[in-house]
Number of protein chains: 2
Amino acid sequence: MPTTLADIAAELGVSKMTVSRTINNHPAIHPNTRERVLTVARHMNYRPNQHARALSTNRAHLLGLVVPDLMHSYYAEIAKAIEAEARAAGYEVLICNTEEDAASELREVEALLHRTDGLIIASAVAPNQPGAYRRLLREGSKLVLIDRSIEGLKCPQVTTDNVAAGALVTEHFIKLGHRRIGHLRGTNVSVAHDRWEGYRQALTQHGLAYDETLVRACGFFESGGYSAMRDWLKDGNHPTAIFAANDPAAIGAMRALAEAKLNVPRDIAVAGMGAIHYGDLLSVPLTTVDWDKTELGRQAAKLLIGLIETKEQKRDADRRVIVPPQLVIRQSCGAKAT
Amino acid sequence: MPTTLADIAAELGVSKMTVSRTINNHPAIHPNTRERVLTVARHMNYRPNQHARALSTNRAHLLGLVVPDLMHSYYAEIAKAIEAEARAAGYEVLICNTEEDAASELREVEALLHRTDGLIIASAVAPNQPGAYRRLLREGSKLVLIDRSIEGLKCPQVTTDNVAAGALVTEHFIKLGHRRIGHLRGTNVSVAHDRWEGYRQALTQHGLAYDETLVRACGFFESGGYSAMRDWLKDGNHPTAIFAANDPAAIGAMRALAEAKLNVPRDIAVAGMGAIHYGDLLSVPLTTVDWDKTELGRQAAKLLIGLIETKEQKRDADRRVIVPPQLVIRQSCGAKAT
DNA sequence: AATTTACTTGTTACCGGTAACGCTGTCAAT
DNA sequence: ATTGACAGCGTTACCGGTAACAAGTAAATT
């Protein structure tokens, strides 16, 4: 059985409170006492019981992180940054992988809320369904949305500018001379909508008509990009350039193209989004849009910890943080070397 | 304030215990009562306080996972498998990233042990320093080692056969006609030792002398592989084939080779280990050794949960699980297409 | 009818901490 | 000498659950 405060107190003939105060660096403790307590605590190998502490203080020093795909280096990088930031502030991080499933996400979120002090969520929930999260926020849960936003939610949200990101890619294709630019859309979440919006804006701005037949859904996984592209090739009438929902989808699309013996970028140009790890080392280095994922994670962690540790609702309560997106030109788009 | 058992009990005019028993599916509850309790619980949006429960039962339903590099798809895949397995058994997973730093690993492990029911560790601690973990085990901590083993520790360990894996790669190079096969070694952990051992065994078995000058340390990160290879090229007298500590290191080495305008595999053949995600899509697809990481994670989670949930020390207490390694031949080794 | 048995519910204490308040003793100010 | 302030430490109650035991009631047995 591990040592408790009471054990130390008994050993020294003082009260539990004295020991507790010492452990928590309370000022009203005599240096001599402090010394004696700390010595015995160390000697008895004392470690505070976090559950008891959490029960008492209603503070677990635990953050929850909910991501749709831990295997995607994008979220792994975010997770790593959050973990580092949290640890520095004395928090641990509980990670939950949802595989883009909104239903299981909501179930997990409910479970996590009751053992953590707050959650950082990259949500798979449709942005026009803020109901569940609105209720949680009303009940006082501390939430921060990361990567994907949900409108009308009074909580901090940390994202990139996905409209700009989508426009960046589309514009780049236009400048390279493409006129039939296709878009593989993600699922029904903000980033997919925004990237699609950016795509349309760029087309319009450059005098190109938006053509519905050039947009297909593919989700955010490689498998989705692969099957969407394969079907498109089978159906015929495919575009000369593909802007995919994200890098895994782009890689899936390129796999379908390779199988069809089509050359990227000569036959079809491809670009993704999110700057996956090793995207530069692929057989056809992937043109994409990058933004500072570490910053994303760091900001989210900071905001959440701020929400937790400040009593009054500060102006951070529904702060929006936007990290700027940046076009990364590599070979898959067919641009001459930069 | 969230609803508690007492709130529900008061609402219904029953005791807390009746509510508690209902929530925990205790059999001795009248169906009518159960129904009434559950209805009110749902209506009042009740969620059990996990800290209180943990304090009472000394069971947190939380597992800790300690990995050296979350950005490495290898560990992300393991983490994902563990998380799925744990969730299915009613556990959540707390993830800690150590960046291969043994000191911070031990610090974190201490902290995690007091809020989890047990840990799964891919340890960066040297295998001949089992002291810290031996003490924890003696104190009754539930530990399972994954990926990397530490000898003489009475806890389950789940790994692949790294000696065989190292031999597989080395033998493959030998069969391709290489005589000067170099090895980039990882850090001072079991897998690095074992892969090195397999390398030496294969050399000896095929009548090749082990040459110390053909082995250099590079750690387990891409950066280490890069700088080790770059230095080697600068120093001259490099081998015709490189067996790297793991896939990131192999990728780093290939980057150094590319910078030196050397062709892989024509000028130097390369192989890694661990089958990183997208290793097949690199500009030079990476020859590597693969094993079932999902199985690795699943087994580790099962064993840990077994340790936690069974009272007596079962024979699982120091079970070894070995998943078989398998050579994956791609282009970086220079073999003709398979 | 008396006793046993099974089923259902309640009581009490405790898990290991912490908050809030109270008590004692010392020392400076009046 | 009295008072007040303050430092240092203790008491009590409570956080929200659960284990262990007790007890009441209805059905079954003798």
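So that the names make sense, note that chain A is the first sequence line, chain B the second, and so on, each numbered from 1.
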Query - side-chain N/O T57(B) vs dG17(D) OP1/OP2, d < 4.0 Å - result: no

Requested in this report: Looking at every strand, decide which applies to I29(A) at a 4.0 Å heavy-atom threshold: base, sugar-phosphate, or nothing.
Outcome: sugar-phosphate

Query raised in the report: Do the rings of Y75(B) and H72(B) sit parallel, tilted or perpendicular, given the 30° and 60° boundaries?
Result: perpendicular

Report task. Rounded to the nearest angstrom, tell me the gap between atom NE2 in H51(B) and atom P in dG17(D). Result -> 11 Å

Query raised in the report: What does N24(A) touch in the nucleic acid at a heavy-atom separation under 4.0 angstrom: a base, only the sugar-phosphate, or nothing?
Result: sugar-phosphate

Requested in this report: Output the single nucleotide from dT9(C), dC15(C), dT18(C) whose closest atom is nearest the side chain of L5(A).
Outcome: dT18(C)

Report task. Compare side-chain N and O positions of S20(A) against OP1 and OP2 of dT18(C) and report whether any pair is under 4.0 Å apart. Result -> yes

Requested in this report: Go through dG17(D), dG10(D), dG8(D) for me and flag the one nearest to the R21(A) side chain.
Outcome: dG10(D)

Query raised in the report: OP1 or OP2 of dG10(D) less than 4.0 angstrom from a side-chain nitrogen or oxygen of S15(A), does that happen here?
Result: yes

Query raised in the report: Where do A102(B) and A124(B) come nearest, in terms of heavy atoms and distance?
Result: CB-O, 3.8 Å

Query - E139(A) with R47(B): basic N within carboxylate O range, under 4.0 Å - result: no

Requested in this report: Decide yes or no on side chain to side chain donor-acceptor pair (under 3.5 Å) for N24(A) and R53(A), but give the supporting numbers first.
Outcome: CA-CA 11 Å; N24(A) 292 298; R53(A) 205 203 285 256; 2.8 Å; yes

Report task. Check the distance between dA20(C)'s P and N58(A)'s CG and give it to me in whole angstrom. Result -> 13 Å

Query - Distance-minimising heavy-atom pair for P127(B) and S190(B) - result: CG-N, 3.9 Å

Query - Spacing of R115(B) atom CZ relative to dG17(C) atom P, expressed in whole Å - result: 14 Å

Report task. Answer with base, sugar-phosphate or nothing: what part of the nucleic acid does T4(B) contact at a heavy-atom distance below 4.0 Å? Result -> sugar-phosphate

Query - d(NE2, H26(A); C1', dA20(C)) in whole Å - result: 11 Å

Query raised in the report: Rounded to the nearest Å, what distance is computed from the CD1 atom of residue I8(A) to the P atom of nucleotide dG17(C)?
Result: 8 Å

Requested in this report: Rounded off to whole Å, could you give me the CG-to-C1' distance for the L55(A) and dG16(D) pair?
Outcome: 5 Å

Query raised in the report: Does Y46(A) make a side-chain N or O approach to OP1 or OP2 of dG16(C) shorter than 4.0 Å?
Result: no

Query raised in the report: In whole angstrom, what separates N49(B)'s CG from dG16(D)'s C1'?
Result: 6 Å

Query - Minimum-distance nucleotide (side-chain atoms of A28(A) versus dG8(D), dA20(C), dG10(C)) - result: dG8(D)

Query raised in the report: Looking at dG17(C), dG17(D), dC21(D), which one has an atom nearest to any side-chain atom of R53(B)?
Result: dG17(D)

Report summary line: Note: for P27(A) and M17(A) on DNA chain D, the residue whose nearest nucleotide lies more 5' is P27(A)

Query raised in the report: Does T33(B) make a side-chain N or O approach to OP1 or OP2 of dT9(C) shorter than 4.0 Å?
Result: yes

Query raised in the report: So, are K154(A) and D318(A) salt-bridged, with charged N and O less than 4.0 Å apart?
Result: yes

Requested in this report: Ignoring hydrogens and angles, answer whether the base of dG10(C) and the side-chain atoms of K16(B) contain a donor-acceptor pair closer than 3.5 Å.
Outcome: no

Report summary line: When rounded to whole Å, the NE2 to C1' distance for the pair H30(B) and dA6(C) reads 14 Å

